[in-house]
Amino acid sequence: MYRTNTCGELNIANVGQEVTLCGWAQRIRKMGGMTFIDIRDRYGITQLVFSNEINASLCEQANRIGREYVLQATGKVAERSSKNAKNPTGEIEIIVDTLKVLNEAATPPFTIEDDTDGGDDLRMRYRYLDLRRTCVRANLELRHKMAFEVRKYLDEHGFLEVETPVLVNSTPEGARDFVVPSRMNAGQFYALPQSPQILKQLLMVSGFDRYFQIVKCFRDEDLRADRQPEFTQIDCEMSFVEQEDILNMFEGMTRHLFKAIKGMDIPVLPRISWHDAMKYYGSDKPDTRFEMKFVELTDILKGYGFAVFDSAAYIGGICAKGAASYTRKQLDALTEYVKRPQIGAKGMVYARVEADGNVKSSVDKFYSQEVLQQLKAAFQAEAGDLILILSGDNADKTRKQLCELRLEMGSQLGLRDKNKYSCLWVVDFPMYEWSEEENRLMAMHHPFTSPKPEDIPLLDTDPASVRANAYDMVINGVEVGGGSIRIHDSQLQAKVFEVLGFTPEKAQEKFGFLMNAFKFGAPPHGGLAYGLDRFVSLFAGLDSIRDCIAFPKNNQGRDMMLNAPGELDPSQLEELNITTVIKSK
RNA sequence: GGUGCGGUAGUUCAGUUUGGUUAGAAUACAUGCCUGUCACGCAUGGGGUCGCGAGUUCGAGCCUCGUCCGCACCGCCA
């Protein structure tokens, strides 16, 4: 037996016991006549003590230990003469009588501490060392707990976890696929699933009326702090349900997670239509930890000779409570912020509500106090508030800019507390959105999404205005999940493909098996998928989903530890029937 | 495809403004001293392709161009 206990569990009650611990040497403090070694495993840290007085040769042995050596130590648990309140095991130490070096270790390139001295680059190249750090390990422990609670909740509600294949077909629409060559089928390729969407719908046809899977999905698109090329979904689907049933089921699951993991009771999730989300927040994933909703000011401010506003198609603003104390310098910085190319506003107008109730704006020469009071009334602003206004010739674009400004103000005013959570449903997404690039309508969610029944007639007359039975769950401005009621009627599915510009032949080629399956008795069904990485990041308060993934990819989609992707031997390529390979740089 | 920031000791960074003798600090590492430390302390020491390449110059860590790499973002992500 290697060990009797872990390094995190011994305390004052164990004093006098003979124990054996295994772990890594975290820190070594040599005092001359005595030596302390902190031994670490994933459960905690325990202090080992060696003394010349007790055993000089053992103490000498301890002095030769280096950082991160793998140790096995046997000795007696003793109460410390000077305790360390910072450590749960800080009241005791082990007076060692046998020390065995199970393995030596090279000095790690960065310190194995929560506040490590290692940069991102280095930590990713030595991720296995990075994962020794308590703060990183804690993220994976949280991830495990959340996945476990998900399985528990879904199992209790009759869901079956079914595995679906990873080698499937490339699908048109949506993200780029990762592809895998087929040795046995020359010139043909598998694709890795962007999600098991079609497969889970086929499982509904098979009668698995409550399915889920915690499953890897793959999208060959550029990365972000919240986007990895392979990521994990909690993929769920139900039969004989309406939208309401699905919202209730998964609101319940979210509530369960908050309770089980955070000990928090969350309120009923408010619902907002996609249209209103765009109107009041300029985003389909609003951060509702704070209000600061948009107010449209076009009617109030247009027509007073201020050319910027008079020529604008949309004027809108937000009211930052208590921010009238913002200095000119701060306001200039905000203006610069919204003028950054990524945001693209032309400028910003501000108005302060002063202590006497008067409004002082940056465009006073165009507006009477009377008009400015209308402005104040539009926000129900009070003394001390700051109104920020953007305008533009494109309402949607201006709202997007205003959205960035709102989030920045929320951050500056400390309204985006990581320990506070605000959840909501965004519902009634449009079926389609116009693609400038492809010059056609594209499915906003995916092409299997059902239109709202009352909007079906519009498919022929005004497809762009058709709303879908689609919904997203948003927490703190993060889209943690999304789903829809699916089409289960092959005729309607064919119609939707038609609007997307598929010829019947193309639709048959790509999705024939699905439409065929629907002819054999498809139940009404729908579902939802959570992004597990994002959900864990939210609960852990992380800035990047990388921190809750054991071995993530970098900005360029590379695994810096494995140095993947890599080149193949010519013989492998030949076997795969790949004759032309563009050499990497 | 694009924008911004960064790349100097094992590591984290300063030095670049205004080109000029031997490129510094902290930490880590090594050695020595130290019997109650817990970020132990003290002393000494070793450690550098200033990402790479070209150019300007009498002279480049510093200026110019190119290139590679990392991070954040835009496009993209049904």
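Here is the naming used below: chain letters follow the sequence lines, and residue numbers restart at 1 for every chain. Hydrogens, waters and symmetry mates play no part in the numbers below; they use all other heavy atoms, side chains included.
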Just by distance, with hydrogens left out, do [X] and [Y] show a side-chain donor and acceptor under 3.5 Å apart?
X      : Y      : value
A:N476 : A:R416 : no
A:D177 : A:S170 : yes
A:N63  : A:T35  : yes
A:Q47  : A:T89  : no

Under 4.0 Å from OP1 or OP2 of [N]: is there any side-chain N or O of [X] that close?
X      : N      : value
A:R125 : B:rG70 : no
A:N555 : B:rG70 : no
A:R340 : B:rC74 : no

At less than 3.5 Å, do the side-chain atoms of [X] and the base atoms of [N] form a donor-acceptor pair?
X      : N      : answer
A:D121 : B:rG7  : no
A:R227 : B:rC77 : yes
A:R123 : B:rG70 : no

Distance in Å, [X] [atom1] paired with [Y] [atom2], rounded so as to fall on 0.5 Å steps:
X      : Y      : atom1 : atom2 : value
A:C59  : A:K30  : SG    : NZ    : 10.0 Å
A:L131 : A:Y126 : CG    : OH    : 15.0 Å
A:S195 : A:D235 : OG    : CG    : 6.0 Å

Measuring only the [atom1] atom in each nucleotide, how far is [N] from [M]? A whole number of Å is fine.
N      : M      : atom1 : result
B:rC76 : B:rG2  : C1'   : 12 Å
B:rG15 : B:rG7  : C1'   : 15 Å
B:rU18 : B:rC38 : P     : 47 Å
B:rG59 : B:rG19 : P     : 15 Å
B:rG20 : B:rA28 : C1'   : 33 Å
B:rA60 : B:rA54 : P     : 13 Å

Complement of [N], any strand, by Watson-Crick or G-U distances under 3.5 angstrom:
N      : result
B:rC5  : B:rG70
B:rG20 : B:rC58
B:rC29 : B:rG45

Sugar-phosphate only, base, or nothing, as touched by [X] at under 4.0 Å among non-hydrogen atoms:
X      : result
A:M560 : sugar-phosphate
A:I343 : nothing
A:T449 : nothing
A:P447 : base

Take atom [atom1] of [X] and atom [atom2] of [N], then tell me their distance rounded to the nearest Å.
X      : N      : atom1 : atom2 : answer
A:Y337 : B:rG4  : OH    : C1'   : 14 Å
A:R67  : B:rG10 : CZ    : P     : 15 Å
A:I112 : B:rA28 : CD1   : P     : 14 Å
A:L223 : B:rA72 : CG    : P     : 9 Å
A:Q401 : B:rC74 : CD    : C1'   : 13 Å
A:I28  : B:rU27 : CD1   : P     : 18 Å
A:Q194 : B:rC76 : CD    : P     : 16 Å
A:M561 : B:rC69 : CE    : P     : 20 Å

Main-chain N/O of A:D287 paired to A:R406 side chain as donor or acceptor, under 3.5 Å
yes
Nearest to side-chain heavy atoms of A:A175, which nucleotide of B:rU11, B:rC77, B:rG75
B:rC77
Counting heavy atoms from C-beta on, name the nucleotide in B:rU11, B:rC71, B:rG75 closest to the side chain of A:N554.
B:rC71
Could you write nucleotides 33-39 of chain B as a row of B, S and -, 5' to 3', where a protein heavy atom under 4.0 Å of any base atom gives B, of only sugar-phosphate atoms gives S, and otherwise -?
-BBBBBS
Would you mind telling me which residue lines up with the more 5' stretch of RNA chain B, A:K400 or A:T107, judged by nearest nucleotide?
A:T107
Of A:D222 and A:R546, whose closest RNA chain B nucleotide lies nearer the 5' terminus?
A:R546
Quick one: which of A:R486, A:Q213, A:H525 gives a side-chain contact (heavy atoms from CB on, under 4.5 Å) with A:K200?
A:R486
